[in-house]
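The structure displayed is predicted, hence computed values, not measured ones. Side-chain atoms are counted along with the backbone in the values below, which use heavy atoms only and exclude waters and symmetry mates.
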There are 2 protein chains.
Amino acid sequence: MPPPATAPIGVVLARTAKTAARAFDHALATAGSSQPIWQILISLKTRTVANQRELADAVGIQGATLTHHLNGMETTGLVTRRRDPDNRRVHLVELTDQGEQLFHRLATAAIAHDKRLRTGFTDDEITLLASLLHRLAANVTDEPAP
Amino acid sequence: MPPPATAPIGVVLARTAKTAARAFDHALATAGSSQPIWQILISLKTRTVANQRELADAVGIQGATLTHHLNGMETTGLVTRRRDPDNRRVHLVELTDQGEQLFHRLATAAIAHDKRLRTGFTDDEITLLASLLHRLAANVTDEPAP
DNA sequence: TATTGTTATACTCTATAACTATA
DNA sequence: TATAGTTATAGAGTATAACAATA
């Protein structure tokens, strides 16, 4: 029996996201990784980040928190950090081969997870759901003008 | 510019939930509380939980984690715990007046948050969204039969 | 023995403040 | 002075394992 339609949408959203996140977190843990590391890997692969501050913003964490994760990732050989010759204040973060490999393994897990999530949905339904979620997020995003 | 529709639905879901959760967490913090405490209060008010194990399940945490939170809530005067005379292994958790008051304050904040989330949505759209989210959650819930 | 809950301990993620290095 | 990043420290939330109390 599903919960009544009168349940606050915020509760439904949080509950769904928690359920989905737990399933994916488990997949990440099985692959020997975690959410923040996965987020950092994605950002490094799919965005052009000029510096660590932008990377932290992309991941949605503070700079010091990012440093914490990068320290661990450097220790385990996933990334390297070196000074930018053009501006030695900037530390260039780069994936190692090992980091690349982990990224691909996690990407495979992510694709499998998403396929599982989409079970029983049509493409149109997914598009509709994504659209509704975007509108929802916009309602609690208080950035007036970028 | 919204992210492309090709973004994995899991990513869209996680991002939306994180945005919404941050906004609500901020409201909870302003009211001097937090998510786990709010979840515990909701469960105590709206469900009939026979014991702490059921309460932990309702909140989605382990028993020891619940004990941790209940210790804090007892210290700050939100709940009381006493032995069930019928089964002295069971600890009955009850809200104090102060706990009731906090519940009502947080409920007010939750209602305001949900109203904010619903901005620009019709009731039908919210019902549709909830329905889609329920189906999504069902895809990653691996309980065969209760 | 099984059930209920607590204690002890530790780990992850996160943040703020103070600091270093560079410009 | 301003910017980029690190270090130091702390706190919240969570979990597992070992334990105590009760049945």
Exercise. Rounded to the nearest Å, what distance is computed from the CD1 atom of residue A:I61 to the P atom of nucleotide D:dG5?
Worked result: 13 Å
Problem set entry | Residues B:E100 and B:K45 bridged, charged N to O under 4.0 Å | yes
Exercise. Looking only at atom types and distance, does a side-chain atom of B:S43 sit under 3.5 Å from a main-chain N or O of B:L55, one as donor and one as acceptor?
Worked result: no
Exercise. So which of residues 62-89 of chain B are in contact with DNA chain D, with a heavy-atom cut-off of under 4.0 Å?
Worked result: B:Q62, B:A64, B:T65, B:H68, B:H69, B:R83, B:N87, B:R88, B:R89
For this session: State whether the side chain of A:D84 and the backbone N or O of A:L92 hold a donor-acceptor pair below 3.5 Å, judged by distance alone.
Result: no
Problem set entry | Donor-acceptor contact present, side-chain A:R81 to main-chain A:E74, <3.5 Å | no
Exercise. Near DNA chain C, which residues from residues 35-53 of chain B have a heavy atom under 4.0 Å away?
Worked result: B:N51, B:Q52, B:R53
Problem set entry | side chain to side chain contact (heavy atoms under 4.5 Å, CB included) partners of A:E54, counting only residues at least two apart | A:V49, A:A50, A:N51
Problem set entry | Phosphate OP1/OP2 of D:dA12: any B:S34 side-chain N/O under 4.0 Å | no
Exercise. So, the side chain of A:D25 versus the backbone of A:Q35: is there a donor-acceptor pair under 3.5 Å, distance only?
Worked result: no
For this session: Starting at atom CG of B:L92, determine the distance to atom C1' of C:dG5, rounded to an integer number of angstrom.
Result: 13 Å
For this session: Round to the nearest Å and state the distance from B:H91 atom NE2 to D:dA23 atom P.
Result: 10 Å
Exercise. Ignoring hydrogens and geometry, is there a side-chain-to-backbone donor-acceptor pair from B:T96 to B:G77 under 3.5 Å?
Worked result: yes
Problem set entry | Among A:I42, A:L44, A:T108, side-chain contact (heavy atoms from CB on, under 4.5 Å) partner for A:F103 | A:I42
